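Working notes, beginning with the structure itself.
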Amino acid sequence: QVQLVETGGGLVQAGASLRLSCAASGRTLSYDSMGWFRQAPGKEREFVAAISWTSTTTYYADSVKGRFTISRVNGRNTVYLQMNSLKPEDTAVYYCALRPGTMVVEHTSQYNTWGQGTQVTVSS
């Protein structure tokens with residue numbers, strides 16, 4: 001069984017950058033797509049970005065397109081989310097998730113393993 005642990009969150013000012021990491025343990029990631037999601041207080045969890053097993057396909061929410069970059073290093077069993085030009089509206093708990101299979105999707109119901117989340121707070 002896979003466990004996911006996110007790190008890299010913190011408190012930053014608007015315009016700053018952060019890189020989140022998601023380390024998988026328990027088994028080697030294999031033919032799994034990975035996604036990042038976020039949840040702000042009082043709001044539903046929303047899709048941020050996803051990446052295919054081979055990294056050939058990536059998909060972003062419109063709200064982060066051009067500012068965030070998802071990547072993965074399969075040999076390290078790790079997925080990253082590089083976040084640039086952060087805005088106060090990016091403030092949320094960020095979760096990584098695993099979806100068995102090669103298709104890259106944005107629906108939370110398609111992911112069956114989740115990390116505990118890491119807090120990102122962007123001040124204005």
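In this chain, residues are counted from 1 in sequence order. Keep in mind the model is a prediction, meaning the values are calculated, not measured. Quick note: numbers below take in every heavy atom, side chains included, and nothing from hydrogens, waters or symmetry partners.
Neither Tyr31 nor Val104 shares a network with the other; the hydrophobic side chains, linked directly or stepwise wherever heavy atoms of I, L, V, M, F, W or Y lie under 4.5 Å apart, form separate groups for each. Under a hydrophobic clustering in which Ile, Leu, Val, Met, Phe, Trp and Tyr are joined whenever their side-chain heavy atoms come within less than 4.5 Å, directly or via other members, Met34 and Trp114 fall into different clusters.
In this structure, a donor-acceptor pair under 3.5 Å is absent between the side chains of Tyr94 and Glu6. There is a side-chain donor-acceptor pair under 3.5 Å between Arg72 and Asn74. With no hydrogens or angles considered, no side-chain donor-acceptor pair links Thr108 and Gln110 at under 3.5 Å. A donor-acceptor contact closer than 3.5 angstrom links the side chains of Thr54 and Thr56.
Here the side chain of Thr91 pairs a donor or acceptor atom with the backbone of Val122 at under 3.5 angstrom. Formation of a donor-acceptor pair under 3.5 Å by the Thr118 side chain with backbone atoms of Gly9 is found in this model. Proximity of a side-chain donor or acceptor of Ser33 to a complementary backbone N or O of Arg99 within less than 3.5 Å is detected. A donor-acceptor pair under 3.5 Å links the side-chain atoms of Tyr60 to the main chain of Ile70, judged by distance alone. In terms of modelled atom types and a separation under 3.5 Å, the side chain of Asn77 and the main chain of Ala23 share no donor-acceptor contact. Judged purely by atom type and a 3.5 angstrom limit, Ser63 has no side-chain atom pairing as donor or acceptor with the backbone of Ala61.
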### Query
Stepwise, does the ring-ring contact (aromatic ring centres under 6.0 Å, His included) test hold for Phe37 with Tyr111?
CA-CA 11 Å; Phe37 295 78; Tyr111 293 79; 5.0 Å; yes
### Query
Does the side-chain contact (heavy atoms from CB on, under 4.5 Å) test come out yes or no for Glu106 and Glu46, once each step is laid out?
CA-CA 8 Å; Glu106 65 178 284; Glu46 65 175 4; over 6 Å; no
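Listed by first then second residue, pairs satisfying salt bridge (Lys or Arg N to Asp or Glu O under 4.0 Å) with a partner in residues 8-29 read Arg27-Asp32, not counting sequence neighbours.
Within the 4.5 Å cutoff, the side chain of Val64 has heavy atoms near those of the Arg38 side chain. Side-chain contact between Leu98 and Asn112: present, with at least one pair of heavy atoms (C-beta onward) separated by less than 4.5 Å. A heavy-atom distance below 4.5 Å is not found between the side chains of Gln82 and Ser71. The closest side-chain heavy-atom distance from Tyr80 to Val73 is below 4.5 Å. Side-chain contact check for Thr102 versus Ser52: every heavy-atom pair is 4.5 Å or farther apart. Contact check for Leu81 versus Thr69: no side-chain heavy atoms found under the 4.5 Å cut-off. At least one side-chain heavy atom of Val93 sits less than 4.5 Å from a side-chain heavy atom of Tyr95. Between Trp53 and Leu29, the closest side-chain pair of non-hydrogen atoms falls below 4.5 Å.
Residues Leu20 and Val120 come closest through the heavy atom pair CD2-CG2, 4.1 Å. Between Asp90 and Ser85, the shortest heavy-atom distance links the atoms OD2-O, 4.4 Å. The shortest heavy-atom contact between Ala92 and Ala40 is CB-N, 3.8 Å. Nearest approach of Val105 to Ala50, heavy atoms of both residues: O-CB, 3.9 Å. Closest approach of Leu4 to Ala24, counting heavy atoms only: CD2-CB, 3.7 Å. Contact detail for Trp36 and Cys22: the closest heavy-atom pair is CZ2-CB, 3.7 Å.
With respect to Thr121, the side chain to side chain contact (heavy atoms under 4.5 Å, CB included) criterion is satisfied by exactly one of Leu86, Val12, Leu11: Leu11.
Ion pair Asp62/Lys65 flagged as a salt bridge, since at least one NZ, NE, NH1 or NH2 atom sits closer than 4.0 Å to an Asp/Glu carboxylate oxygen.
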